[in-house]
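Since the structure comes first, as structure tokens, the remarks are kept for the end.
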Amino acid sequence: MKKVLVIGGGGREHAIVDALSRSEKVSKIYCAPGNAGIAAQAECVPLKETQVEELKAFALENGIDLTAVGPEVALAAGVADVFSEAGLRVFGPSKAAAAIESSKDFAKRLMAKYDIPTAAFETFEDYGEALEYVRKGTFPVVLKYDGLAAGKGVVIPETMEEAEEALKDMLLDDKFGKGKVVVEEFLTGPEFSFMCFVDGTQVTPMTLSQDHKRAFEGDKGPNTGGMGAYSPVPIITEEDIEYSLEHIMKPVAAAMVSEGCPFKGVLYGGLMKTPSGVKVIEFNCRFGDPETEVVLPRLESDIYDIFSAVADGTPMPDVKWSAKVTMGFVMASNGYPGSYDKGHAVTGLENALSDPSVRIYHMGTAAKDGGIVTSGGRVLMVVGTADTLQQAHDKALDAVGKVECDNLFYRSDIGWRVL
Ligand code: AMP
Ligand code: GLY
């Protein structure tokens, strides 16, 4: 029986822990740092996801058989490299391969070089030059900070004034740190998340999901890390999936090998079905959050075997998906994705979980005085499983209504494109 360490402490990691707890091969799960919900299914270890050396020491001391890495910050900090060098089995890409997410500029250049369909772009370091380029172009325009910004580094100005303000934040005031800006053509169409298990050139697709990036109903308000998701995505056809696999995911995996940074882990394609075909909006180097919370509950295969195949470079086992579908609502702190308060009591969770086809993944919670309090921007992901997306929607929304907290909001229109 195997001991597994999961690195991270959000809803994604809760869903990974939940999937690992269904494995017949896993006897013990640790999660660093975990959260109040994860603590019910794993032993939480008080180490931050970026304490790479301490995490390695923990894994060595505790005879961890396999480590699965959730967050991009840990991967960009080189956690997979450090674990591999220490002879530890790890599921997650190297720091070099994580650049596909941590640098928008790297990702865009790679796509340009290997003819992967994506929006036209130009990269700038100089505020004046970026401003001049935007002034000559059309609106809306897409401005992307070239670094990790927790899903908040993308701004889509409608006017020159808004563009000027965003470019100032990114290039003059270094709001996210010193960096470059990618200015991109604005594309339209439904987006979907295509996550694949990748080991070098071996690419195994997961079932599709769709996130909802904007904070408010009607896709209004600022971009967030994601406010809700469902799986699968009926508006995306088998042909679209085939195209995305053959013309985007497989060629990118091969390109990473050619560039000397083979990818191992979850390659996440944030794709858009535009009027001129499927195009890449972004790549991530890890499971999506909240997508993982709707995708992994549908996984019928043993996730330990899948992680092992990628970690060891052995052939991928069959990856099977349930015919049941899922939909989930994020409950976030008022003010998110801007500043928000922490420490508000959350109750009613047991009541919300009285329906066995509802799962609640904790995204940002902490234990306090025997209860649970909010500790992050996104706090809970409430997921319903059912035969149809409408039923999954209704179950999840019903459960959301049973959660009590005086500082949470959610979007009730998750799934509007398909319901
Ligand atoms: P990203 O972090 O690159 O995924 O961008 C966040 C969100 O901004 C995406 O999910 C899209 O909704 C939107 N977005 C990014 N790039 C574009 C684009 N080129 N055209 C239209 N919308 C975009
Ligand atoms: N939900 C989008 C992401 O994980 O980046």
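Just follow the structure's listing: the first ligand is 1, and inside any ligand the first atom is 1.
Of the heavy atoms in V142, only side-chain atoms (C-beta onward) come closer than 4.0 Å to ligand 1. Residue contacts with ligand 1 for N223 involve side-chain atoms from C-beta outward but no N, CA, C or O (heavy atoms, distance under 4.0 Å). Heavy atoms of I156 found under 4.0 angstrom from ligand 1 belong exclusively to the side chain.
Atoms of ligand 2 found under 4.0 Å from any heavy atom of D211 (numbered from 1 in listed order, with element): 1 (N), 2 (C). For ligand 2 and E291, the ligand atoms under 4.0 Å from any heavy atom of the residue are 1 (N), 2 (C), 4 (O). Against a heavy-atom cut-off of under 4.0 Å, K213 is close to the following atoms of ligand 2: 2 (C). Each of the atoms 1 (N), 2 (C) of ligand 2 lies under 4.0 Å from some heavy atom of G225. Taking every non-hydrogen atom of K144 and a distance limit under 4.0 Å, the qualifying atoms of ligand 1 come out as 3 (O), 15 (C), 16 (N). With ligand atoms numbered from 1 in the order given, ligand 1 contributes 1 (P), 2 (O), 3 (O) to contacts under 4.0 Å with heavy atoms of K104.
Polar contact with ligand 2: absent for G226 (N/O pair, distance under 3.5 Å). Residue D289 has at least one N or O atom closer than 3.5 Å to an N or O atom of ligand 2. Looking at ligand 1, you'll find an N or O of L187 within less than 3.5 Å of one of its N or O atoms.
Judged by distance alone, with hydrogens and angles left aside, the side-chain atoms of R378 form a donor-acceptor pair with the main-chain N or O of G226 at under 3.5 Å. In this structure a side-chain-to-backbone donor-acceptor pair under 3.5 Å is present from E162 to E158. No donor-acceptor pair closer than 3.5 Å links the side chain of D211 to the backbone N or O of A229. Under a 3.5 Å cut-off, the side chain of D413 and the backbone N or O of G218 do form a donor-acceptor pair.
Taking a 4.0 Å cut-off on heavy atoms, F287 fails to register as neighbouring ligand 2. Heavy atoms of G288 approach ligand 2 to within less than 4.0 angstrom. Under a 4.0 angstrom heavy-atom cut-off, S193 registers as lying outside contact with ligand 2.
Inspection of the S308 and D305 side chains reveals no N or O donor paired with an N or O acceptor under 3.5 Å. If you check the side chains of K395 and S357, you find a donor sitting under 3.5 Å from an acceptor. Side chain to side chain, S23 and D302 meet the donor-acceptor criterion of an N or O pair below 3.5 Å.
A salt bridge is defined here as a Lys NZ or Arg NE, NH1 or NH2 lying under 4.0 Å from an Asp or Glu carboxylate O, and K56 with E53 meets this definition. Using a 4.0 Å cut-off between charged nitrogen and carboxylate oxygen, R89 and D65 do not count as a salt-bridge pair.
Taking atom 3 (C) of ligand 2 as the reference point, the nearest protein heavy-atom neighbour is R286 NH1, 3.5 Å.
Between L208 and the options I241, V295, L271, a side chain to side chain contact (heavy atoms under 4.5 Å, CB included) holds for only I241.
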